[in-house]
Novice: 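Let me begin by handing over the structure; questions about it come next.
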2 protein chains.
Amino acid sequence: MDEAGQGDRPDGDGALFRAARIQDVARLADVSTATVSRALATPERVSPEARARVLEAIAKTGYVPNPAARTLRSQKTYMVLVVLPDLSNTFFSKILRGIEETLFEAGYGMIISDLDGSPAKEAHFAAFTAAGRVDGAILLNGHLFGQSRDGEGQPARITIPLVALCEAIPGADIPQIEIDNRAAASRMTQHLAGLGHSSIAYVSGPAINVLERERFQGFKEGLQAAGLPYDPALVIPGDYTIEAGVAAGERLVAQATRPTAVFCTSDEMAIGLMRTVLSAGLRVPEDISVAGFDDIDFAAVAEPSLTTIRQPRRELGQAAATALIDLLQGRTTPKRIRLETELVVRDSVAPLPR
Amino acid sequence: MDEAGQGDRPDGDGALFRAARIQDVARLADVSTATVSRALATPERVSPEARARVLEAIAKTGYVPNPAARTLRSQKTYMVLVVLPDLSNTFFSKILRGIEETLFEAGYGMIISDLDGSPAKEAHFAAFTAAGRVDGAILLNGHLFGQSRDGEGQPARITIPLVALCEAIPGADIPQIEIDNRAAASRMTQHLAGLGHSSIAYVSGPAINVLERERFQGFKEGLQAAGLPYDPALVIPGDYTIEAGVAAGERLVAQATRPTAVFCTSDEMAIGLMRTVLSAGLRVPEDISVAGFDDIDFAAVAEPSLTTIRQPRRELGQAAATALIDLLQGRTTPKRIRLETELVVRDSVAPLPR
DNA sequence: AAGTTGCATGTAATCGATTACATAGGGCGG
DNA sequence: CCGCCCTATGTAATCGATTACATGCAACTT
């Protein structure tokens with residue numbers, strides 16, 4: 001054994017505490033460190049007796065393998081990087097929870113990077129992955145490291161498994177987990193049209209965004225399916241934020257002739273927009289119907305409650321984590337996973353009054 | 001398809017790509033690995049010439065120090081654990097952003113643990129810190145590892161620096177970063193009373209919660225300062241969620257005699273409550289004034305917009321991260337940091353009509 | 001009975017940095 | 001001119017696990 005009482009457990013005398021190492025466990029169980037390691041990693045390759053002694057010694061010492069040492073040797077970190085554009089956005093945080101849950105169950109930890117639109121951070125995290133700090137990454141930001149959103153620039157040389165979540169990354173040969181944005185947008189558009197609305201405004205996301213492109217496509221398809229013409233004048237630019245919704249609302253109330261329905265491509269925008277048009281004295285849905293997208297928690301308690309498209313956010317996170325874990329553990333995973341959305345009908349949309 | 005293609009260096013010859021190690025840099029700069037290490041960690045202890053050669057070699061090779069090796073030897077991870085009760089809650093996610101920002105600037109990474117009320121996860125993360133996976137932790141959950149919220153149980157032996165954020169941890173000798181919940185609640189109560197309300201309901205947080213205790217105390221103090229009696233019948237139990245607000249609202253509308261104002265201790269509850277009372281045909285604020293707490297983004301666009309207490313969430317996160325970094329780097333930090341809140345007057349509260 | 005196979009285990013190399021200690025050389029005081 | 005100190009640098013130990021390889025032994029084959 002070590003000097004005097006080896007590391008001295010404090011339970012009792014308050015001596016200095018030193019975490020147990022594999023060596024301590026090995027000594028206590030009267031086996032080699034190799035056997036301890038095997039008892040944990042590949043129990044079937046160790047005799048039941050040895051295993052029992054090892055487990056007992058581990059329980060007694062409170063041994064926890066040192067992750068740095070383990071990583072250094074095995075080149076595995078059991079850490080996953082999650083890259084997202086805005087941590088403070090409700091939409092992402094529920095997805096994160098799904099990710100975290102699943103990773104946790106599989107024994108992985110999660111490191112979060114809020115890019116915040118900063119190229120410096122992006123470079124940093126690219127180096128991060130290159131340095132072997134994580135085994136894999138889930139990208140929620142719609143583009144690869146070092147590449148701008150429109151696909152320009154050299155993607156950094158990342159050699160670890162990646163998974164794209166929500167925003168598909170065009171041209172990247174990695175699994176994509178998403179919803180069918182086009183179909184969902186089309187469905188909502190047809191829902192509005194089916195209620196008699198023929199003048200439907202569309203509040204967009206950022207133009208470069210993949211989601212936006214798909215939803216916009218879906219919007220146009222929906223119009224077409226309903227036999228309505230597409231009028232570019234009814235497209236109001238937005239960026240998914242509450243403020244953008246407020247701005248869009250101001251633009252609407254200022255107009256002489258107004259659409260009878262507005263399809264906002266995020267609930268935040270829908271809520272901001274409703275707020276503005278209500279303040280201007282219009283009624284929702286009597287004077288104007290408003291639809292959202294995402295079904296965030298506040299959609300159900302907005303005033304009026306918001307008709308929207310529900311995205312299974314938690315499940316999206318879980319699916320992405322599962323896909324990544326599959327890759328990390330050498331299994332295969334589908335290149336594209338699409339989860340179902342749901343049209344949630346509430347009070348902010350009404351039939352066009354006669 | 002892994003071999004041959006993936007893993008080999010695209011720039012040029014297609015030789016196998018292997019991340020540069022300190023050895024490679026040392027060779028290229030014609031110095032020892034010790035000098036490379038010193039050139040990075042303590043540049044002033046290396047001659048300018050050697051430093052220049054090292055930096056050049058690093059640029060050329062794209063060398064990034066292997067964190068596992070560094071950690072193993074130096075016992076520093078440059079990682080911070082953030083423990084929080086609910087990742088999907090808007091309130092926390094904005095705080096997280098403040099934390100992440102500050103940690104990032106100081107060269108630290110962030111690992112997030114969403115406890116989700118699970119003791120198993122808690123044990124896991126306690127082991128996590130014990131295993132030296134992080135240098136320090138920020139606790140947003142109001143209690144120490146292994147200790148239930150009411151302070152029972154042995155706190156796990158955590159030997160790394162900790163900081164408590166938002167929810168002070170009674171009895172723990174660690175820096176606490178928070179707002180003055182009592183003063184803020186008292187202020188809001190007096191605001192309501194000052195508008196003529198003498199029957200003010202209070203929708204509480206979870207009873208065991210430290211925030212709740214302080215806010216409740218502040219509520220009672222505010223009543224007293226305004227010369228109003230405290231009536232236990234006007235206290236409605238809640239837990240900060242939208243659903244709790246909805247439930248509280250249902251309870252209110254069912255009552256024969258109603259208070260003229262309601263102070264909800266979270267914006268989520270206020271919004272849920274408003275929704276319910278509005279649906280029941282009451283008007284806010286004409287029939288009943290509603291106040292919230294936190295000033296989340298949706299407070300400003302609620303219908304009506306919500307009078308509330310603004311917590312500087314981003315700054316809280318930044319302050320906690322700064323305090324922790326100070327501790328990690330051997331500096332001292334105040335035991336208690338209190339950030340200012342602000343009473344935000346909007347439309348959900350009105351003077352008591354004559 | 002000799003040879004083969006395979007299991008359980010131990011020995012020691014290894015991962016890639018940091019850092020304690022050793023050493024060489026240059027400047028300076030006496 | 002000698003010795004001392006200080007600076008810059010190199011050598012090698014070290015962090016704590018995993019794992020390639022070696023070994024001993026029992027069981028099984030022929």
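All chains are named by letter (A, B, ...) in the order of the sequence lines, taking the proteins before the strands, and each is independently numbered beginning at 1. Fair warning: this is a prediction, and the values are worked out from it, not measured in the lab.
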Novice: Which residues pass the side chain to side chain donor-acceptor pair (under 3.5 Å) test with B:S113, sequence neighbours left out?
Specialist: none
Novice: Set out, line by line, the N/O atom pairs under 3.5 Å between protein and nucleotides 7-10 of chain C.
Specialist:
residue	atom	partner	partner atom	Å
C:dT9	OP1	A:S47	OG	2.8
C:dT9	OP2	A:S47	N	2.8
C:dT9	OP2	A:S47	OG	3.1
C:dG10	OP2	A:S32	N	2.8
C:dG10	OP2	A:S32	OG	2.9
C:dG10	OP2	A:T35	OG1	2.6
C:dG10	N7	A:R38	NH2	2.8
C:dG10	O6	A:R38	NH1	3.2

Novice: Do B:D24 and B:T61 have a side chain donor and acceptor closer than 3.5 Å?
Specialist: no
Novice: Residues two or more places apart in sequence or in another chain: which of them pass side chain to side chain donor-acceptor pair (under 3.5 Å) with B:N66?
Specialist: none
Novice: Please list all pairs meeting salt bridge (charged side-chain N to carboxylate O under 4.0 Å, His left out) that have one or both residues in residues 62-80 of chain B, counting only residues at least two apart or in different chains.
Specialist: none
Novice: According to the salt bridge (charged side-chain N to carboxylate O under 4.0 Å, His left out) rule, which pairs have a member within residues 317-331 of chain A, sequence neighbours left out?
Specialist: A:D326-A:R331
Novice: For A:R45, check side chain to side chain donor-acceptor pair (under 3.5 Å) against everything at least two apart and list the hits.
Specialist: none
Novice: Kindly give the atom pairs (protein nitrogen or oxygen, nucleotide nitrogen or oxygen) under 3.5 Å for nucleotides 14-16 of chain D.
Specialist:
residue	atom	partner	partner atom	Å
D:dT14	O2	B:R73	NH1	3.0
D:dC15	O3'	B:Q75	NE2	3.3
D:dC15	O2	B:R73	N	3.3
D:dG16	N2	A:A69	O	3.3

Novice: Five pairs at each end of the helix from C:dA1-D:dT30 to C:dG30-D:dC1: take the axis at both ends and give me the angle between them to 10°.
Specialist: 40°
Novice: Could you tell me which residues satisfy side chain to side chain donor-acceptor pair (under 3.5 Å) with B:T71, sequence neighbours excluded, listed by chain and number?
Specialist: none
Novice: Taking CZ from B:R27 and C1' from D:dT9, how many angstroms apart are they, rounded to a whole number?
Specialist: 18 Å
Novice: What residues, two or more places apart in sequence or in another chain, satisfy side-chain contact (heavy atoms from CB on, under 4.5 Å) together with B:E56?
Specialist: B:K60
Novice: What residues, two or more places apart in sequence or in another chain, satisfy ring pair (Phe, Tyr, Trp, His ring centres under 6.0 Å) together with A:Y108?
Specialist: A:Y78
Novice: Filter on salt bridge (charged side-chain N to carboxylate O under 4.0 Å, His left out), then keep only pairs touching residues 97-108 of chain B, sequence neighbours left out; what's left?
Specialist: A:D86-B:R97, A:D114-B:R97, A:D116-B:R97, A:K121-B:E100, B:E101-B:R314
